[in-house]
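Both ligands and their constituent atoms are indexed starting at 1 by order of listing.
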Amino acid sequence: MIGGGHAGTEAAVAAARRGARTVLLTTSLETIGQLSCNPAMGGIAKGTVIREIDALGGVMGRATDLATLQFRMLNRGKGPAVWAPRAQADRGLYRRAVRALLEAQPLLTTVQGSASRLLTGPDGRVCGVETADGRQLLARAVVITTGTFLRGRIHIGTSNSVSGGRAGEAATTTLAEQFGELGIHTERFKTGTPPRIDGRSVDLARLERQDSEIERFDFSWSAFWDRPRREAGRTRHPEQLPCFITFVEQGAKDVVQRRLEESAMYGGAIGTRGPRYCPSIEDKIVRFPDAERHQLYLEPEGHDTQEMYVNGLSTSLPVDAQLELLHAVPGLEHAVMTRPGYAIEYDYVPPTQLWPSLELRTVPGLFLAGQINGTTGYEEAGGQGVVAGLNAAARALELDTVAFGRDRSYIGVLVDDLVTRGVDEPYRLFTSRSEFRLTVRQDNAIPRLYALGESLGLYTEGERRLAERRLRDEAEARVLAETTSVTPEAALPVLDACGESPLSHAVPLFEIAKRQKVALRDLFDATGVGTTLSLDAVTTADLEIKYAGYLARERAAAARLQRLGTLALPQDLAYDRLINVSVEARQKLAARCPATLAEAASIPGVSPADLQNLAFELGRW
Ligand SMILES: Cc1cc2nc3c(=O)[nH]c(=O)nc-3n(C[C@H](O)[C@H](O)[C@H](O)COP(=O)(O)OP(=O)(O)OC[C@H]3O[C@@H](n4cnc5c(N)ncnc54)[C@H](O)[C@@H]3O)c2cc1C
């Protein structure tokens with residue numbers, strides 16, 4: 001594995017768990033698991049990916065649990081099927097936890113060094129790596145996970161541009177040059193990061209404070225599976241820290257507008273595309289001129305530092321303009337900037353050149369994972385790392401490759417989108433990218449993936465025991481829900497607490513659990529059953545009961561969409577009038593005018609949900 005970021009670490013652990021002797025080669029052992037940008041893990045769709053990685057034995061969930069400073073369950077208002085766990089991490093703790101987990105992994109060795117050249121055999125197959133200091137590491141398969149380092153160029157303003165893979169770290173250039181020799185096509189993307197500030201210089205008392213949610217959450221099975229749910233409040237997390245909210249208002253907007261031409265992105269220094277969903281403050285102000293204000297979160301970087309991350313203020317303005325901008329934000333009038341924000345441009349490999357195993361179609365034995373494949377985000381990188389690691393091990397050990405279906409995981413959606421549709425801007429996961437988003441949830445990663453992990457031999461004996469207990473707990477919860485009745489008296493406090501009407505006679509628990517607001521675990525408590533079952537297992541059983549009808553419809557809709565693939569689309573279709581289709585999809589459909597629904601499906605940015613709505617609107621038309 002080349003690279004100790006999020007793709008590389010997961011790839012290394014996955015390959016070693018699959019049984020391959022694995023070396024992780026990275027430029028610095030100290031930066032293994034480094035969070036390059038926001039110290040936050042999870043969120044919409046991404047939280048589910050962390051749980052999928054964890055279900056397959058990966059490190060991201062375990063390290064997050066050891067480093068969580070603040071936790072929130074996003075989408076709570078929308079029902080548990082789309083809940084999205086998100087944790088703020090202590091940057092230093094996270095890095096150290098990842099490194100310790102890697103060093104505890106049998107068959108895996110971490111080595112410091114910079115890969116400068118791939119070794120290839122006479123048949124064109126990759127057979128190892130040469131480092132910048134002249135060492136040769138021979139391997140039957142190589143995974144490259146160099147993130148933003150490939151010919152990286154850092155920009156701060158229009159006149160400050162230096163070669164670099166991340167602030168203070170050298171870019172990787174010789175590998176990039178060799179890609180050309182091997183016939184691997186590359187293109188360029190950009191991304192950016194906000195300035196950091198000294199928390200002591202912020203007037204925190206004037207800002208809205210956001211505390212961690214009371215209910216704690218563990219991403220990893222290893223944390224909660226062996227604990228009865230009554231003890232689930234206990235946690236391994238360090239002490240929780242608050243975030244603070246402030247806004248970019250008129251004063252700060254004026255600064256950006258006045259100095260826009262000096263921004264690397266707007267002054268012509270960078271012409272490439274960046275992540276649509278993590279726009280810079282310059283982008284936000286240009287694209288949404290009528291927005292009164294833009295929210296910023298001040299997030300603590302860790303227990304051992306006063307530094308804060310200014311989430312929402314990504315910028316490539318010159319340093320003095322960044323300081324002027326910070327000082328125009330309420331509460332930051334006297335802020336000390338500890339590091340300026342910057343934009344970075346880098347090479348990526350358009351991922352349609354890859355097999356679904358993430359092996360390059362034209363270079364046997366060479367796999368790519370992470371930001372190098374045109375994605376953005378730690379979780380997207382980690383998910384690809386698992387796929388590339390398992391398949392590189394399979395290549396080395398002459399085993400079967402592993403495929404992840406779209407209907408079984410977000411990792412499957414991610415890889416399928418990348419290799420079949422490609423990317424035209426940095427790719428990020430969303431729930432809307434999956435046509436199975438009720439089936440593929442954060443709570444049920446183990447039921448979805450354990451059989452696969454077990455068939456690949458990924459688990460230790462202890463983990464196997466925990467997983468099987470989790471599955472047994474879920475089955476038992478379902479049986480208890482069907483076979484236990486609750487009396488009107490016992491159900492009254494539960495129903496009262498969520499504003500539901502009382503019962504007139506005793507009914508089986510699963511009948512009441514169908515009501516959206518009533519939690520099965522509260523019904524178990526009211527009837528004194530299932531108290532030793534794991535909370536996660538009870539949640540899954542609960543959601544399977546609540547969403548049984550929707551789940552059946554989701555599968556039927558997916559089958560219908562497959563049949564509709566050949567449906568012809570009128571060439572004069574007024575896409576801008578299809579209000580149920582997302583704005584992004586409308587723009588992209590109007591630009592391409594696809595001939596069929598299947599062709600529309602191949603356009604990056606047109607999600608399965610957009611296709612369903614397009615088919616529906618066509619029907620009405
Ligand atoms: C400035 C910046 C801003 C970002 N902003 C966002 C954002 O807003 N939203 C978001 O979701 N994501 C953002 N990201 C992206 C996020 O950091 C990445 O998506 C994620 O880290 C990618 O993981 P990776 O494993 O592919 O690469 P990285 O995490 O970048 O890891 C690459 C690893 O490869 C190693 N390496 C590089 N070259 C060599 C070599 N030749 N030999 C050996 N090792 C090598 C590096 O040392 C590093 O350990 C940003 C990244 C940067 C740098």
Side-chain angles (χ1 to χ4, degrees), residues 1-12 23-43 45-46 60 95 98-99 110-118 129-133 135 137 142-156 164-176 178 189-195 274-280 283 309 311-316 339-349 368-385 388 426-429:
M1 308 299 150
I2 303 177
H6 309 282
T9 51
E10 300 299 349
V23 171
L24 174 76
L25 174 72
T26 191
T27 34
S28 162
L29 293 179
E30 276 69 41
T31 60
I32 283 180
Q34 168 91 357
L35 301 167
S36 312
C37 192
N38 189 357
M41 309 302 296
K46 291 161 168 271
M60 197 173 269
R95 221 176 32 230
V98 172
R99 187 171 174 193
T110 50
V111 170
Q112 180 162 308
S114 184
S116 62
R117 200 165 173 81
L118 294 166
V129 181
E130 190 170 284
T131 63
D133 55 15
R135 282 172 289 170
L137 303 172
V142 172
V143 182
I144 302 184
T145 68
T146 47
T148 51
F149 285 69
L150 220 53
R151 256 197 294 241
R153 186 142 205 101
I154 290 174
H155 300 265
I156 304 179
R166 206 162 43 191
E169 294 179 64
T172 286
T173 46
T174 48
L175 265 187
Q178 196 185 6
F189 273 157
K190 72 169 181 217
T191 188
T193 194
R276 176 187 287 252
Y277 304 98
C278 290
S280 65
D283 277 333
Y309 178 92
N311 191 349
L313 205 69
S314 172
T315 179
S316 61
R339 305 169 206 228
Y342 62 90
I344 182 165
E345 272 189 300
Y346 55 91
D347 283 5
Y348 76 95
V349 175
L368 305 180
Q371 190 121 353
I372 193 172
N373 287 340
T375 60
T376 175
Y378 310 128
E379 303 78 1
E380 287 83 350
Q384 291 172 69
Y427 178 100
R428 176 177 173 177
L429 266 174

Is there any protein N/O under 3.5 Å from an N/O of ligand 1, and what does the full list of such pairs look like?
from: ligand 1; atom 1: 5 (N); to: Thr191; atom 2: OG1; distance (Å): 3.3
from: ligand 1; atom 1: 5 (N); to: Gly192; atom 2: O; distance (Å): 3.2
from: ligand 1; atom 1: 11 (O); to: Thr376; atom 2: OG1; distance (Å): 3.4
from: ligand 1; atom 1: 11 (O); to: Gly377; atom 2: N; distance (Å): 3.3
from: ligand 1; atom 1: 12 (N); to: Thr376; atom 2: OG1; distance (Å): 3.2
from: ligand 1; atom 1: 12 (N); to: Gly377; atom 2: N; distance (Å): 3.4
from: ligand 1; atom 1: 17 (O); to: Ser36; atom 2: OG; distance (Å): 3.4
from: ligand 1; atom 1: 19 (O); to: Gln371; atom 2: OE1; distance (Å): 2.2
from: ligand 1; atom 1: 19 (O); to: Gly377; atom 2: N; distance (Å): 2.7
from: ligand 1; atom 1: 19 (O); to: Gly377; atom 2: O; distance (Å): 3.2
from: ligand 1; atom 1: 25 (O); to: His6; atom 2: N; distance (Å): 3.0
from: ligand 1; atom 1: 25 (O); to: Ala7; atom 2: N; distance (Å): 2.9
from: ligand 1; atom 1: 26 (O); to: Gln371; atom 2: N; distance (Å): 2.8
from: ligand 1; atom 1: 38 (N); to: Thr172; atom 2: OG1; distance (Å): 2.8
from: ligand 1; atom 1: 41 (N); to: Ala115; atom 2: O; distance (Å): 3.0
from: ligand 1; atom 1: 41 (N); to: Thr172; atom 2: OG1; distance (Å): 3.0
from: ligand 1; atom 1: 42 (N); to: Ala115; atom 2: N; distance (Å): 2.9
from: ligand 1; atom 1: 44 (N); to: Thr27; atom 2: N; distance (Å): 3.4
from: ligand 1; atom 1: 47 (O); to: Thr27; atom 2: OG1; distance (Å): 2.6
from: ligand 1; atom 1: 49 (O); to: Gly4; atom 2: N; distance (Å): 3.2
from: ligand 1; atom 1: 49 (O); to: Gly5; atom 2: N; distance (Å): 3.4
from: ligand 1; atom 1: 49 (O); to: Thr26; atom 2: OG1; distance (Å): 3.4

Is a side-chain donor-acceptor pair under 3.5 Å present for Asp133 with Thr131? yes
Residues in salt bridge (Lys or Arg N to Asp or Glu O under 4.0 Å) contact with Glu169, at least two apart in sequence or another chain: Arg166
Applying side chain to side chain contact (heavy atoms under 4.5 Å, CB included) to Arg95 and not counting sequence neighbours gives Gln34
What residues, two or more places apart in sequence or in another chain, satisfy side chain to side chain contact (heavy atoms under 4.5 Å, CB included) together with Gln178? Arg117, Leu118, Leu175, Glu181, Leu182
For the backbone of Ala381 and the side chain of Thr375, can you confirm whether one donor and one acceptor N or O come within less than 3.5 Å of each other? no
Per the side-chain hydrogen bond (donor to acceptor under 3.5 Å, both in side chains) rule, which among Arg153, His155, Arg151 passes with Glu345? His155
